[in-house]
Amino acid sequence: MGEVNLTLKDGSTISIEQGKTVYDAAYSIGAGLAKAALAGSIDGNMVDLNHKISEDANITIITDRSDEALDILRHSTAHLMAQAVKELYPDAKLAIGPTIENGFYYDFDIRKPFSPEDFDKIEKKMKQLMKEDIPLVREDISSDEAIRLFKELGEPYKVELITDLGEDTVSIYRQGGFVDLCRGPHISSTGRLKVFKLISNAGAYWRGDEKNKMLQRIYGTAFFKKKELGDYLYKLEEAKKRYHRKLGRELDLFSISDEAGAGLVIYHPKGAMLRHLIEDFEKKEHLKRGYDLVVGPQLLKVDMWKQSGHFDNYRENMYFTEIDEQLYGIKPMNCLAHMLIYKSKIRSYRDLPKRYFELGTVHRHERTGVLHGLMRVRGFTQDDAHILCTPEQLLDEINGVIDFVGYVMDIFGFEYEMELSTRPEKSIGSDEDWERATAALKQALDDTGKNYDINEADGAFYGPKIDIKLKDCLDRKWQCATIQCDFTLPDRFDLTYVASDGEKHRPVMLHRVILGSIERFIGVLTEHYAGAFPTWLAPVQAIVLTVSEKYDSYANQVYNMLLDAGIRVEIDTRNEKLGYKIREAQMMKMPYMLVIGEKEQTGGGVSPRKRNGEHLNLMSVDETIEIIMHDIKNRR
RNA sequence: GCCGGCGUAGCUCAGCUGGUAGAGCAACUGAUUCGUAAUCAGUAGGUCAGCGGUUCAACUCCGCUCGUCGGCUCCA
């Protein structure tokens, strides 16, 4: 046996006997490292500790401090859980068990769904298996052999996976009597899995297809240290305090009432004010960018929905109503009226682009299980626009929208992710159209210099799109802005413009929203600010608080001065102690509390207290107004 | 739509294995006139989500419906 040379991350090299393992390599660097080692990486490929090294390579030892370590730990914990489940419920069939952002899950086909009481049993079993310190052993075997093995074990899902992989060989991992198909790598034995917790269970379709059988999924998480798990669970608890429905009730912004119907939002005065402020902001920003404000009707005759294709493709999601023996569809999208506006005149290339903007309220019949607070509702208002332009103008228009999104998200302080979705299997339009539009979207994304993901085959059936997603308090992503190319509508409605050649041409259409749905945006925004809206957006910007009734008259003067200055102000002259009033205003997350007592009355001013607890000294009312106006002007 | 959890006063929650409801806060009334996150006392408030079933008896058990939460699928 010869020696092999291994190059470490820092560029130094070591040599070990050929056929020795990654663990041996780690040991030769240091006993401490060997002890901490979880796995290794050979020329960029992740491998187990007992992987035998056969030739010269670059090697990295993965310890719990490596970025990949948590993934390995969680993946192994998923196996541990699966082993526990199989021992407790031998009938359960294994499906898949990957790691996800904050943990892992494993899907099982099992007659009786899991309930939270089962979690204790499973966790207990996992702890027991952990104590047994069972080694996880990798084996590379031929696919045929693997299929035979899993057939014997009665694991049809694994057989299906291996068959679909179509590889000559696959790797399996054994831990005691438990066997799983897995790419690896894994930690070397179950004894190293100490900190884990099962979080929730849920149904999940096999391979994500609702035509397939529903499997039972258990979500869990794992960490290296108990404290990390504790921190994670604490973070989840804290996040729940920012949940927009809770804040919506506490701040009296909105409600969703059983009586009115699921998924229908009722805005209370403060929520309606917030919405008004956002809409007002949007109208101004759109006008600045050459959009025209338009308004379409709430329902249109069914013939129009047939012409647009909605009746064929979107009927399940639409509400209909019959009046005078005429069927009408309540709009689920705003595009139709915009088509009619375009068609109301002959358009020249000189008129283009046309940008029609509408704060359009739409209704969609969403399936009951998908409704979710303000994030997913049945009636919502989009900041919708349809841009009709020549093919040559397309790129500029897309760039304009992306800039617009960036500008707006910056004002609200959002980080966002962008995704490009390309042509799906079921789609219409010519290859050239798709290519040109996809290229334009991609070009525009590249021009931003920002990262973006590509979702292959995830575009709309009528065109490719860019989606922009924001995160909620639990880091779940919600699509807000979207920019979609549409090849069907200009065609179906026979939209044309006269080009310089005097001939009629088909315009290109862009469908886009910036905030998406105002409802969803308010939901995300509420969680983003934890309800403490910046002064320019706060439904109530300041509240005048009196120390006692003796100062009511002066306090009312101050209140009127702020009102005259255009500040959204309230006054609290109730017969309560100052501390009580402060507490209440604080819980309502009001940006400015203006205290008025003896000192202020004689001095002719106010003592402002800011939401963050900061006291400002006695100052004149004018000065206070100036400070608040400064916040508003700077959108703080 | 599917899988699982939950649904008790406006809010947060008690209510053991069935014997027909309780607290704190909020609300209302009264007293207190009070300086930066809760003054004290009293009063009122619930067809226990709805409907049906089992039972002498159901908030407690069963079924269905509605709503909601966590997921899956779908989507702004």
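So that the names make sense, note that chain A is the first sequence line, chain B the second, and so on, each numbered from 1.
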Just call it for [X]: base, sugar-phosphate, or nothing, with non-hydrogen atoms closer than 4.0 Å on any strand.
X         : answer
Gln586(A) : base
Gly613(A) : nothing
Gly579(A) : sugar-phosphate
Lys599(A) : base

I want to check one thing: is the phosphate of [N], taken as OP1 and OP2, less than 4.0 Å away from some side-chain N or O of [X]?
X         : N       : result
Arg611(A) : rA37(B) : no
Lys213(A) : rC3(B)  : no
Thr368(A) : rG1(B)  : yes

Could you state the atom-to-atom distance from [atom1] of [X] to [atom2] of [N] in whole Å?
X         : N       : atom1 : atom2 : answer
Lys610(A) : rA37(B) : NZ    : C1'   : 18 Å
Glu250(A) : rC25(B) : CD    : P     : 18 Å
Glu600(A) : rG35(B) : CD    : P     : 12 Å
Asp258(A) : rC69(B) : CG    : P     : 11 Å
Met587(A) : rA37(B) : CE    : C1'   : 8 Å
Ile256(A) : rA49(B) : CD1   : P     : 21 Å
Asp252(A) : rA26(B) : CG    : C1'   : 13 Å
Lys211(A) : rC3(B)  : NZ    : C1'   : 19 Å

Looking at the rings of [X] and [Y], which for Trp means the six-membered one, are their centres under 6.0 Å apart?
X         : Y         : value
Tyr319(A) : His365(A) : yes
Tyr106(A) : Phe104(A) : no
Trp434(A) : Phe487(A) : yes

Item checked: Donor-acceptor pair, side chain of Arg609(A) and main chain of Met593(A), under 3.5 angstrom ->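 No, Arg609(A) side chain to Met593(A) backbone: no donor-acceptor pair under 3.5 Å.
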Checklist line | Option from Asp631(A), Thr535(A), Thr624(A) for which side-chain hydrogen bond (donor to acceptor under 3.5 Å, both in side chains) with Tyr592(A) holds | finding: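 The side-chain hydrogen bond (donor to acceptor under 3.5 Å, both in side chains) with Tyr592(A) is passed solely by Asp631(A) among Asp631(A), Thr535(A), Thr624(A).
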Note to self: Among Gln601(A), Lys581(A), Glu600(A), which residue satisfies the side-chain hydrogen bond (donor to acceptor under 3.5 Å, both in side chains) criterion with Thr546(A)?
What the structure shows: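 Looking at Gln601(A), Lys581(A), Glu600(A), the match for Thr546(A) under the side-chain hydrogen bond (donor to acceptor under 3.5 Å, both in side chains) is Lys581(A).
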Notebook entry, point to check: Less than 4.0 Å between a side-chain N and a carboxylate O, is that true for Glu397(A) and Arg355(A)?
Noted result: yes
Checklist line | salt bridge (charged side-chain N to carboxylate O under 4.0 Å, His left out) between Glu358(A) and Lys331(A), worked out | finding: CA-CA 13 Å; Glu358(A) 174 173 8; Lys331(A) 68 173 176 178; 3.0 Å; yes
Given [options], identify the nucleotide with an atom nearest to the side chain of [X].
X         : options                   : answer
Lys577(A) : rC3(B), rU39(B), rA38(B)  : rU39(B)
Tyr580(A) : rU36(B), rU68(B), rA26(B) : rA26(B)
Glu576(A) : rU39(B), rU36(B), rU33(B) : rU39(B)

Margin query: So, under a plain 3.5 Å distance rule, would you say the side chain of Glu316(A) forms a donor-acceptor pair with the base of rG1(B)?
Written below: no
Next item on the list: Would you mind telling me which residue lines up with the more 5' stretch of RNA chain B, Arg609(A) or Gly263(A), judged by nearest nucleotide?
Entry: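 This one resolves to Arg609(A).
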Check: For Ile582(A) and Phe114(A), take the nucleotide of RNA chain B holding the closest heavy atom to each; which residue's nucleotide lies nearer the 5' end?
Finding: Phe114(A)
Distance between [atom1] atoms of [N] and [M] (Å, rounded):
N       : M       : atom1 : result
rG42(B) : rG18(B) : C1'   : 36 Å
rC28(B) : rC69(B) : C1'   : 34 Å
rU17(B) : rC6(B)  : P     : 14 Å
rA58(B) : rC51(B) : C1'   : 15 Å
rU12(B) : rG4(B)  : P     : 26 Å
rG10(B) : rG45(B) : C1'   : 10 Å
rC13(B) : rG70(B) : P     : 15 Å
rU29(B) : rC62(B) : P     : 45 Å

Using residues 196-204 of chain A as the side-chain source, report each donor-acceptor pair under 3.5 Å to any protein atom, sequence neighbours left out, with the distance given to one decimal.
residue, atom, partner, partner atom, Å
Asn201(A), ND2, Phe114(A), O, 2.7

Notebook entry, point to check: Do you know the tightest heavy-atom contact between Leu441(A) and Ile398(A)?
Noted result: CD2-CD1, 3.6 Å
Checklist line | For Thr602(A) against Lys599(A), the heavy-atom pair lying closest together | finding: OG1-O, 3.2 Å
Check: Can you give one letter per nucleotide of nucleotides 70-76 of chain B, 5' to 3': B if a protein heavy atom sits under 4.0 Å from the base, S if only from the sugar-phosphate, - if neither?
Finding: BBBBBBB
Can you check nucleotides 9-14 of chain B for protein contacts, nitrogen or oxygen pairs under 3.5 Å, and list what you find?
residue, atom, partner, partner atom, Å
rU12(B), OP1, Arg249(A), NH2, 3.0

